[in-house]
Number of protein chains: 4
Amino acid sequence: MKKNKPKYKLIIDAAVQVIAENGYHAAQVSKIAKQAGVADGTIYLYFKNKEDILVSVFEEKMGQFIQQIANAIDTKENANDKLLTLIHMHFSQLAADHHLAIVAQLELRQSNPALRRKINQVLKPYLQVIDSIIQEGIDENIYAADVNITLVRQMVFGTLDEMVTNWVIKEGKYNLVEQAEAVHALLTEGLNKR
Amino acid sequence: MKKNKPKYKLIIDAAVQVIAENGYHAAQVSKIAKQAGVADGTIYLYFKNKEDILVSVFEEKMGQFIQQIANAIDTKENANDKLLTLIHMHFSQLAADHHLAIVAQLELRQSNPALRRKINQVLKPYLQVIDSIIQEGIDENIYAADVNITLVRQMVFGTLDEMVTNWVIKEGKYNLVEQAEAVHALLTEGLNKR
Amino acid sequence: MKKNKPKYKLIIDAAVQVIAENGYHAAQVSKIAKQAGVADGTIYLYFKNKEDILVSVFEEKMGQFIQQIANAIDTKENANDKLLTLIHMHFSQLAADHHLAIVAQLELRQSNPALRRKINQVLKPYLQVIDSIIQEGIDENIYAADVNITLVRQMVFGTLDEMVTNWVIKEGKYNLVEQAEAVHALLTEGLNKR
Amino acid sequence: MKKNKPKYKLIIDAAVQVIAENGYHAAQVSKIAKQAGVADGTIYLYFKNKEDILVSVFEEKMGQFIQQIANAIDTKENANDKLLTLIHMHFSQLAADHHLAIVAQLELRQSNPALRRKINQVLKPYLQVIDSIIQEGIDENIYAADVNITLVRQMVFGTLDEMVTNWVIKEGKYNLVEQAEAVHALLTEGLNKR
DNA sequence: TATGAATGAGGTTTCATTCAT
DNA sequence: TATGAATGAAACCTCATTCAT
């Protein structure tokens with residue numbers, strides 16, 4: 001399996017750095033190769049083409065991202081704690097890796113629809129984690145039984161995504177992670193005064 | 001003023017169609033010119049360069065988009081009605097113009113950072129409309145006085161944006177507009193059972 | 001005759017100024033039209049095409065240039081005085097009109113060979129004036145009878161041309177006209193010590 | 001060093017030929033590439049841009065040109081022999097390579113001021129060779145001690161340049177080289193009868 | 001005569017990918 | 001496996017010229 005060879009990871013990490021520093025469109029294969037310390041042609045021993053590098057970047061990093069969140073959630077007992085944990089982890093992981101945050105929130109979205117469709121595939125397991133938390137909340141009689149799970153998931157993910165994107169655009173000038181509880185409160189209790 | 005000349009609008013509309021049908025990167029100036037029924041060079045009598053076409057597309061269309069919403073909101077008396085109206089209009093306007101929805105949700109996001117920054121400028125007035133509704137809701141004692149307006153706005157916009165994007169990706173296979181009330185309820189009342 | 005209409009001269013003078021200030025390649029027809037205070041299309045009522053403007057510029061200005069020199073020479077009695085006068089006039093006329101000097105020495109030489117051939121036609125009468133002075137010098141028994149007139153003319157013109165070009169490149173930072181006598185001495189007496 | 005790679009010279013020579021045959025402005029990069037038997041993109045592995053090709057053409061060819069002359073001059077003992085040798089070499093080298101003569105005398109002069117400035121830099125060593133010969137002649141008490149060296153150099157170079165240009169325009173229809181001695185005599189002894 | 005909006009041909013350069021070594 | 005020199009397709013923009021008014 002190629003993914004276990006040392007140069008595979010070397011190239012993935014080089015790609016993240018090059019894209020973060022130069023932007024998606026200026027991230028030429030030759031730059032990634034140079035950053036990884038391999039020849040241009042070597043890239044093609046590990047990746048089918050440039051798009052394959054980018055999808056793999058997302059797969060690798062998002063895989064870790066989701067795994068971390070899934071692990072953290074497993075330690076929590078109820079849906080509310082799990083949701084708060086997910087929000088907290090979502091923010092903290094991206095806040096901890098600024099390069100990755102830039103790539104995930106800004107640069108990779110400049111890719112063409114074909115690539116974005118593949119990225120969406122990679123994202124699916126994460127969305128399912130959100131779905132299952134919501135379902136659990138309903139089963140635990142915490143969340144309203146009549147909520148549309150898809151709708152709630154779109155709200156949760158849309159909100160988190162928009163928040164991280166704004167934070168990246170503002171170049172991380174404020175503390176994202178400390179907003180986790182406020183977001184959680186807002187999502188669960190809504191805007192209305194009680 | 002160039003914007004009032006007939007060919008200006010002709011080119012803008014041609015650009016929306018060409019981008020929607022071919023994608024952002026395959027939208028060559030020559031294709032837009034042909035679709036608009038003008039010579040390539042004519043484009044440059046009305047637009048500084050290709051990027052200027054794209055920014056103008058967004059400005060024109062988003063300007064109308066916001067104006068329509070602002071008008072509709074003005075007829076409503078309280079923040080809750082206004083918020084529902086905004087959601088409804090947001091969905092219905094994009095659902096009514098599929099080409100525009102594709103361009104706004106998918107294609108224009110492939111643009112480079114410089115262009116995206118300009119697009120964000122155009123978007124700002126819309127975000128301010130959302131902000132003012134939230135402030136109004138607080139003043140009317142409907143929304144909780146201690147909410148973070150920026151946070152709420154990110155939730156509202158993030159949710160709507162994510163929903164429209166998913167709807168576009170699903171190629172408009174379901175009815176987006178009829179979800180407006182459910183989204184409104186979710187945003188205002190939150191996820192929790194009462 | 002078009003050449004007597006007021007706009008003809010207007011366009012010619014505009015062309016000299018635009019070329020001198022912007023350079024040959026940046027001297028678009030539209031710029032010349034604007035400088036002349038006429039519409040782009042009007043240019044084509046007076047000139048066949050852009051090349052025709054440039055040839056006409058040279059014809060008009062060089063025609064005056066030669067006429068001035070011819071007039072001045074006519075007042076001189078012998079070949080030596082005539083040659084000195086020609087040198088002096090050659091320098092002083094170009095030194096007096098810096099725009100024209102730039103156009104004649106630098107900018108017009110960037111034109112294509114077809115245009116340059118036409119310019120050479122315009123130059124011919126001037127070369128004939130030089131030839132006739134040399135012939136006169138031989139007839140007056142001042143110049144060596146066995147000189148090759150074509151060769152001498154190439155030396156005279158080549159020297160003057162090179163000197164003016166260098167002076168233009170040096171942006172007129174030194175006095176060109178006061179070198180006239182030294183050049184004359186050098187051309188007639190040669191480099192050798194006597 | 002790229003200059004030693006075989007394709008470097010291949011492209012330089014192709015450029016001379018293409019420019020000579022098609023003219024400066026019709027010398028597209030693709031034509032030069034085809035003539036050199038390489039792909040368009042290969043050009044850019046050896047040259048920064050099109051202007052760099054042209055400057056390099058001049059540098060390479062003029063470098064050889066000057067070197068040949070310098071070598072020949074070194075074998076001569078006095079300034080007069082050296083000057084005659086320089087004239088002879090100047091003519092014979094350009095007469096021997098008609099393509100190069102066309103490029104040097106006509107085509108490259110159509111270039112823009114930026115390129116011409118660079119070309120002038122390349123030319124400088126040649127002008128210094130002329131200067132040093134003149135200085136040597138003065139030191140040897142052959143040339144008049146009071147001559148202005150810059151002036152003499154402008155006469156010498158201007159004369160030679162004008163002669164070669166005329167010869168090229170006349171398409172090499174007469175023998176240029178055999179005029180070397182006559183030019184030398186004219187430059188040193190002047191026009192006057194003795 | 002005069003206008004100026006419209007035309008449309010044409011070329012430099014980049015960069016993902018290949019393949020001989 | 002690894003290299004890196006070579007490939008070649010593809011597109012934005014300018015500007016001389018025209019022609020309906």
Side-chain angles (χ1 to χ4, degrees), chain A residues 2 5-8 11 25-34 36-54, chain B residues 2 5-8 10-11 25-34 36-53, chain C residues 2 5-8 11 25-34 36-54, chain D residues 2 5-8 10-11 25-34 36-53:
Chain A
K2 284 191 173 159
K5 303 226 174 156
K7 294 200 177 167
Y8 180 84
I11 294 167
H25 281 112
Q28 296 96 330
V29 172
S30 62
K31 248 183 212 158
I32 297 173
K34 185 175 235 177
V38 302
D40 292 15
T42 305
I43 299 270
Y44 290 87
L45 298 174
Y46 294 89
F47 300 90
K48 210 166 77 254
N49 50 34
K50 187 181 178 180
E51 182 175 311
D52 190 26
I53 308 176
L54 302 173
Chain B
K2 286 198 170 150
K5 300 218 179 162
K7 297 208 172 163
Y8 180 84
L10 218 54
I11 294 168
H25 280 113
Q28 298 100 326
V29 171
S30 61
K31 257 184 206 155
I32 296 174
K34 188 176 234 177
V38 302
D40 292 18
T42 304
I43 299 271
Y44 291 88
L45 296 177
Y46 294 90
F47 300 91
K48 214 168 67 256
N49 50 35
K50 188 180 176 181
E51 181 174 313
D52 190 27
I53 308 176
Chain C
K2 286 193 172 155
K5 302 226 175 157
K7 293 198 177 168
Y8 180 84
I11 294 168
H25 281 112
Q28 295 94 333
V29 171
S30 61
K31 249 184 212 158
I32 296 174
K34 185 175 234 177
V38 301
D40 292 18
T42 304
I43 298 271
Y44 290 86
L45 298 174
Y46 294 89
F47 300 92
K48 212 166 76 252
N49 51 34
K50 187 179 177 180
E51 183 174 310
D52 190 25
I53 308 175
L54 303 173
Chain D
K2 288 199 167 149
K5 301 218 176 161
K7 298 207 172 164
Y8 180 85
L10 219 53
I11 293 167
H25 281 114
Q28 296 100 327
V29 172
S30 61
K31 254 183 208 159
I32 296 174
K34 185 175 235 177
V38 302
D40 292 16
T42 304
I43 299 272
Y44 291 86
L45 297 176
Y46 294 90
F47 300 91
K48 212 167 70 257
N49 49 35
K50 189 179 175 181
E51 181 174 314
D52 190 27
I53 308 176

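Below, chain A is the first sequence line, B the second, and so on; all start at residue 1.
The OH atom of C/Y8 sits 11.5 Å away from atom CD1 of C/I43, with the distance rounded to the nearest 0.5 Å. Remark: D/L10 CG to D/I32 CD1 distance equals 12.5 Å, nearest 0.5 Å. Between C/Y44 atom OH and C/F47 atom CZ the span is 11.0 Å, to the nearest 0.5 Å. Taking CD from C/Q28 and NZ from C/K34, the interatomic distance works out to 11.0 Å, rounded to the nearest 0.5 Å.
As the counterpart of F/dT21, E/dA2 is assigned, both hydrogen-bonding distances of the Watson-Crick or G-U wobble pattern falling under 3.5 Å. Pair assignment for E/dG8 gives F/dC15, based on Watson-Crick or G-U wobble hydrogen-bonding distances that are each under 3.5 Å.
If you measure from atom NZ of D/K31 to atom C1' of E/dT12, you get 14 Å, rounded to the nearest angstrom. The NZ atom of D/K48 sits 16 Å away from the C1' atom of E/dT14 (whole-angstrom rounding). In this structure, CD of D/E51 is placed 15 Å from C1' of E/dT13, rounded to the nearest angstrom. Remark: C1' of E/dA16 and NE2 of B/H25 are 15 Å apart, rounded to the nearest angstrom. Rounded to whole Å, the distance from NZ on C/K34 to P on F/dC15 is 14 Å. If you measure from atom CD1 of A/I53 to atom P of E/dC15, you get 14 Å, rounded to the nearest angstrom. We find that CG of D/L10 is positioned 11 Å from P of F/dA6, with the value rounded to whole Å. If you take CD1 of C/I11 and P of E/dA2, they are 9 Å apart, rounded to a whole angstrom.
When each of A/N49 and D/Q28 is assigned the nucleotide of DNA chain E bearing its nearest heavy atom, the one mapping closer to the 5' terminus is D/Q28. If you find the closest nucleotide of DNA chain F to D/G37 and to A/K7, the one lying nearer the 5' end belongs to A/K7. When each of D/T42 and C/I43 is assigned the nucleotide of DNA chain E bearing its nearest heavy atom, the one mapping closer to the 5' terminus is C/I43.
Taking only side-chain atoms of B/D40, from C-beta outward, the nucleotide of F/dG8, F/dC13, F/dT7 with the closest atom is F/dC13. Nearest to the side-chain atoms of B/A39 among the listed nucleotides E/dT18, E/dT7, F/dT7 stands E/dT7. For C/K50, counting side-chain heavy atoms from C-beta on, the closest listed nucleotide (F/dA6, F/dT17, E/dT3) is F/dT17. Of the candidate nucleotides F/dA6, E/dT18, E/dT12, F/dA6 has the atom lying nearest to any side-chain atom of D/L45. Distances from the side chain of B/V29 to the nucleotides F/dC12, F/dT17, F/dA5 place F/dC12 closest. Here the side chain of A/Y44 is nearest to one of F/dA2, E/dT17, E/dA6, namely E/dT17.
Between the side chain of B/K50 and the backbone N or O of B/V29, no donor-acceptor pair lies under 3.5 Å.
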